[in-house]
Amino acid sequence: MVLATNSDSEEHLHSTFASRYVRAVVPRFKMPDNSMPKDAAYQVINDELMLDGNPRLNLASFVTTWMEPECDKLIMDSVNKNYVDMDEYPVTTELQNRCVNMIANLFHAPVGEDEAAIGCGTVGSSEAIMLAGLAFKRKWQQRRRAQGLSTGNPNIVTGANVQVCWEKFARYFEVELKEVKLSEDYYVMDPAKAVEMVDENTICVAAILGSTLTGEFEDVKTLNDLLAEKNAETGWETPIHVDAASGGFIAPFLYPDLEWDFRLPWVKSINVSGHKYGLVYAGVGWVVWRTKDDLPEDLVFHINYLGADQPTFTLNFSKGSSQIIAQYYQFIRLGFEGYKNIMENCMDNARRLREGIEKTGKFYILSKDIGVPLVAFSLKDSSKHTVFEIAESLRKFGWIIPAYTMPADAQHIAVLRVVIREDFSRGLAERLITHITQVLKEIDGLPSRIASLAATAAVSGDEVKPAKMSLEDITKYWKRLVEHKRNIVC
């Protein structure tokens, strides 16, 4: 009688799902003692990844989820290049410099036609903001020391709607973060209130071109004018940084007459995310300075690159070259015309989605007509159901739509937000409207979870205290509940 064998050496010849590897517990804490066939390793990991959300339906994210196959090939061809090896990969370095020049020109930096701009590529806007903040802090310290004044207690003025990377910068580099609070129906930084908070220790005021909450552009022009008056009165020379992570590749194409960039004299640096509306996969950002004088020389390191000086300013060392190359591909592939067409399509699809949401009669629209292509909306009546229930119900169709509360002092407002990217088509917009309408009908037929919560208890940790819960308490509780469930799934 012939016996079947199941040796490790032959197992890879059979179906992966007939092997022992799909019966074994997936390693979580300790590297396994033995190897496994490559097809089995692939299948085990691929199967787990199926439980991730679909990136194309992740409408929480501004980050690019689709690129052309030709660019995908360029990315894969260069995935093994370490960007910091400038001597070994001089052309990649040249492509980065070209991107910096193009972005600086787009933002109206005062550089000559053949003059190199001041800036660099980063792994995202978070690193770009760290670098810009460091430059502001160093410039402020140099100016104070020259005047014989203290360099203690530096601060930065922002709106309460800033992205968390600004809080990281403040904490990591010991700078006080002074936030202008929001208010209902005004969800961006008030420039007048921001300038009121400026003092002699303010290293810069940060304005956002495209708030992550509502997509709205902050009024950089008014901020510049008010700050110019205060600087003239005090002699402080407080500058402006524009966080254009989301809006930097929107405004030049859709709102060319909007003054927010280096056309304003107190704007000294700008960051922008290549991996958002720069249309590149995650992992690339940019920061550009107005002039060479705005980046302190003692922060810059110099590398001998093919016998020439290559300055570098970064918080990272090793990083991939793929995204830099992909950014250059998009610039020369699309050109100004191509970017403009894509942004116009995004705005048209955002308008259609907005119209469909308004037509339900259930929501207030909080996002503005001018800004980043997104739709932020809140329930008109939250007495029975919340936006968190709607977000959770939409997950069954595959949609990933965030629900969140606004920062102080508008934290009683709970919002849903849909980001419109290049790959979000009109067909998907129509389908989402249909699903939102369906979810509204379904939850209207369900008992109110808010009513049951309010009638039974206000929950705090493991302790249950019978009480009447306010709407704000209920919203906070429901938000924690949804986040807890998602954490368990992850």
Taking the six-membered ring for Trp and the full ring for Phe, Tyr or His, determine whether the centres of [X] and [Y] are under 6.0 Å apart.
X	Y	value
H108	F262	no
F363	F377	yes
Y83	Y89	no
W260	F107	yes
H275	W286	no

Is the shortest heavy-atom distance from the side chain of [X] to the side chain of [Y] under 4.5 Å?
X	Y	answer
E422	L279	yes
I365	V375	yes
T314	E127	yes

Would you say that more than 12 heavy atoms from the other residues, nucleotides or ligands in this model lie under 6.0 Å from the [atom1] of [X], or not?
X	atom1	result
K340	NZ	no
Y364	OH	no
N341	CG	yes
K396	NZ	yes
E70	CD	yes
E174	CD	no
Y172	OH	no

Pair listing, ring-ring contact (aromatic ring centres under 6.0 Å, His included) test, anchored in residues 118-138, at least two apart: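 ring-ring contact (aromatic ring centres under 6.0 Å, His included) check on residues 118-138 returns no pairs.
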Distance-only side-chain donor-acceptor flag, R144 / S150, under 3.5 Å: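 No.
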One thing to verify: whether [Y] and [X] come together as a salt bridge, which I'm taking to mean a side-chain N less than 4.0 angstrom from a carboxylate O.
X	Y	answer
E297	K292	no
D348	R352	no
K139	D294	no
K81	D85	no
R354	E358	yes

Residue among I325, T92, I324 satisfying side-chain contact (heavy atoms from CB on, under 4.5 Å) with S78: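 It is I325, the one option of I325, T92, I324 that forms the side-chain contact (heavy atoms from CB on, under 4.5 Å) with S78.
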CG on N271 to NE2 on H241, rounded to 0.5 Å: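 Going from the NE2 atom of H241 to the CG atom of N271 covers 3.5 Å.
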From L432 atom CG to I420 atom CD1, the distance as rounded to the nearest 0.5 Å: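 Between atom CG of L432 and atom CD1 of I420 there are 7.5 Å.
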Results of ring-ring contact (aromatic ring centres under 6.0 Å, His included) for W289 - residues two or more places apart only: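 Counting only residues at least two positions away or on another chain, W289 forms a ring-ring contact (aromatic ring centres under 6.0 Å, His included) with F313.
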